[in-house]
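By convention in this document, chain letters (A, B, ...) are assigned in the order of the sequence lines, proteins followed by strands, and residues within each chain are numbered from 1. Every heavy atom of this structure was used, including side-chain atoms; hydrogens, water molecules and symmetry mates were not.
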There are 2 protein chains.
Amino acid sequence: MDLAHLPPDLQEVARFHGHLCPGLLIGYRAAKAAARALDLGRSQDEELVAVVENDSCSVDAFQALLGTTFGKGNLKWQDHGKQVFTVTDRRQNRAVRVAFTGDALRPRRPDGSVDRQAFMEILLAAPDEQILKIQEKPPAPPEVARIEPSLTCARCGEAVQASKAVQKDGQPLCRPCAREARP
Amino acid sequence: MDLAHLPPDLQEVARFHGHLCPGLLIGYRAAKAAARALDLGRSQDEELVAVVENDSCSVDAFQALLGTTFGKGNLKWQDHGKQVFTVTDRRQNRAVRVAFTGDALRPRRPDGSVDRQAFMEILLAAPDEQILKIQEKPPAPPEVARIEPSLTCARCGEAVQASKAVQKDGQPLCRPCAREARP
């Protein structure tokens, strides 16, 4: 698939992910639908938060498109193995849940394998209602991330976030050192 | 800080993260040092893998710069609260561990608070040896991510990754439905 013919925001998503694939397109369509439902732009800080119920390619589309990133603390992973995404806008106090429902549209080759190229064409062209379930729901955003002081691990001398340090004989250790120091 | 005067790759990192902050700069410097140590470009698929020992802003620099992203499965989080990052290149079978050591350089105002602006200037200008410990180490890359078939949850009807489904009365449920169905 020629990237140059894709919408510019999808090109950016693919550049971030490193390649184009069906999973990324599922996330792209879901993120676009969430953005449209709540009239969202990109999250500069933690205005938006995405709860994602899988850790597959699709999530990278939310990171690149909505700015709900792992490092900013506004991407929360629930290990459900579901292509389901709930985006909350803290400013509007609104949330939308988007579930991918297009699994049955996966085109199969005679040998049973998925024709990924054809699936991508479908994911690009299908109307929302054919591949997504979109529901506004009561917002329940997670807490905002906080910055914590650091301690120095008494064993390796490296800095460690205070709440992750382990006290041993009255001294703070980082978790890897605490594991190694275990009798 | 005027973004336009920053190196283009840092501008891209800041655009992805949504803003510039000390944590992002820590990640930027660490990711650049890892890339230099192993002569790395951006990971299009899972050629590279980053094990990150925190979930703070710094990680977004690894995602944006090295393509070790949450959705691609080549970003592994260990909850140690440490600014430590280990990048493995599967092709070269080499790994480098980068630890941020510049905590003491944080400039304090008379009231004890950190002058974030001044800290960012330091993080931009300091030589590697003043803020980073960089060590090549034996590679121990995690397994490559795999694609799994989906089942349909017998309760909500949504698709769920086979290995995450819960069997109940001989039928597959997704984890949220299994929790709600618990007697």
Worksheet item: Linking I/L/V/M/F/W/Y whenever their side-chain heavy atoms sit closer than 4.5 Å, directly or via other members, would B:Leu105 and A:Val160 fall into one cluster?
Response: no
Fill in: ILVMFWY network linking A:Val87 to A:Leu132, side-chain heavy atoms under 4.5 angstrom
yes
Practice prompt. Please determine, among A:Glu148, A:Gln83, A:Glu53, A:Gln63, the option with the most heavy-atom pairs under 4.5 Å with chain B.
Written response: A:Gln63
Practice prompt. Output the option from A:Val114, A:Thr152, A:Val59 having the highest count of non-hydrogen pairs under 4.5 Å with chain B.
Written response: A:Val59
Item to complete: Please state whether the side chain, the backbone, both or neither of A:Ala159 comes within less than 4.5 Å of a heavy atom of chain B.
Response: both
Practice prompt. Go through the atoms of A:Val84 and report whether side chain, backbone, both or neither lie under 4.5 Å from a heavy atom of chain B.
Written response: side chain
Response to the item:
Turns out that what part of A:Asp55 lies under 4.5 Å from chain B's heavy atoms comes down to both
Worksheet item: Any chain of hydrophobic side-chain contacts (each under 4.5 Å) joining B:Leu124 to B:Leu3?
Response: yes
Worksheet item: What about A:Phe85 and A:Val96, same hydrophobic cluster or not, with Ile/Leu/Val/Met/Phe/Trp/Tyr joined at side-chain heavy-atom distances under 4.5 Å?
Response: yes
Discussion item. Check the orientation of A:Trp77 and B:Phe70. Use parallel for under 30°, tilted for 30 to 60°, and perpendicular for over 60°.
Written reply: perpendicular
Worksheet entry | When A:Ser43, A:Gly18, A:Gly71 are compared by non-hydrogen pairs under 4.5 Å with chain B, the top option | A:Gly71
Discussion item. Is there a continuous path of hydrophobic side-chain contacts, each under 4.5 Å between heavy atoms, that joins A:Leu25 to A:Phe119?
Written reply: yes
Worksheet item: Once you round to the nearest 0.5 Å, how far does CG of B:Asp60 lie from NZ of A:Lys72?
Response: 6.5 Å
Worksheet item: With a 4.5 Å limit on heavy-atom distance, are the side chains of A:His80 and B:Cys153 in contact?
Response: no
Practice prompt. Please determine, among A:Gln161, A:His17, A:Arg15, the option with the most heavy-atom pairs under 4.5 Å with chain B.
Written response: A:His17
Item to complete: Check the surroundings of atom CD in A:Gln117: do more than 12 heavy atoms from other residues, nucleotides or ligands lie under 6.0 Å from it?
Response: yes
Worksheet entry | chain B contact via A:Leu24 - which portion, at a heavy-atom distance below 4.5 Å | neither
Worksheet item: Heavy atoms, side chains only, cut-off 4.5 Å: are A:Gln78 and B:Arg175 in contact?
Response: no
Item to complete: Check each atom of A:Thr69 against the heavy atoms of chain B and say whether the ones under 4.5 Å are side chain, backbone, both or neither.
Response: both
Worksheet item: So does B:Gln44 have more than 12 non-hydrogen atoms from other groups sitting under 6.0 Å from CD?
Response: no
Worksheet item: When only pairs under 4.5 Å are counted, which of B:Pro176, B:Ala99, B:Ser58 shares the most heavy-atom pairs with chain A?
Response: B:Pro176
Discussion item. I'd like to know which of A:Cys57, A:Gly23, A:Gly27, A:Gly157 tops the heavy-atom pair count under 4.5 Å against chain B.
Written reply: A:Cys57
Worksheet item: What do the steps show when you test A:Cys156 against B:Lys82 for side chain to side chain contact (heavy atoms under 4.5 Å, CB included), and what is the final call?
Response: CA-CA 12 Å; A:Cys156 69; B:Lys82 298 181 71 169; 3.4 Å; yes
Discussion item. Rounded to the nearest 0.5 Å, what separates atom CZ in A:Phe16 from atom CD in B:Glu12?
Written reply: 10.0 Å
Worksheet item: Do any N or O atoms from the side chain of A:Lys164 and from the backbone of B:Asp79 form a donor-acceptor pair under 3.5 angstrom?
Response: no
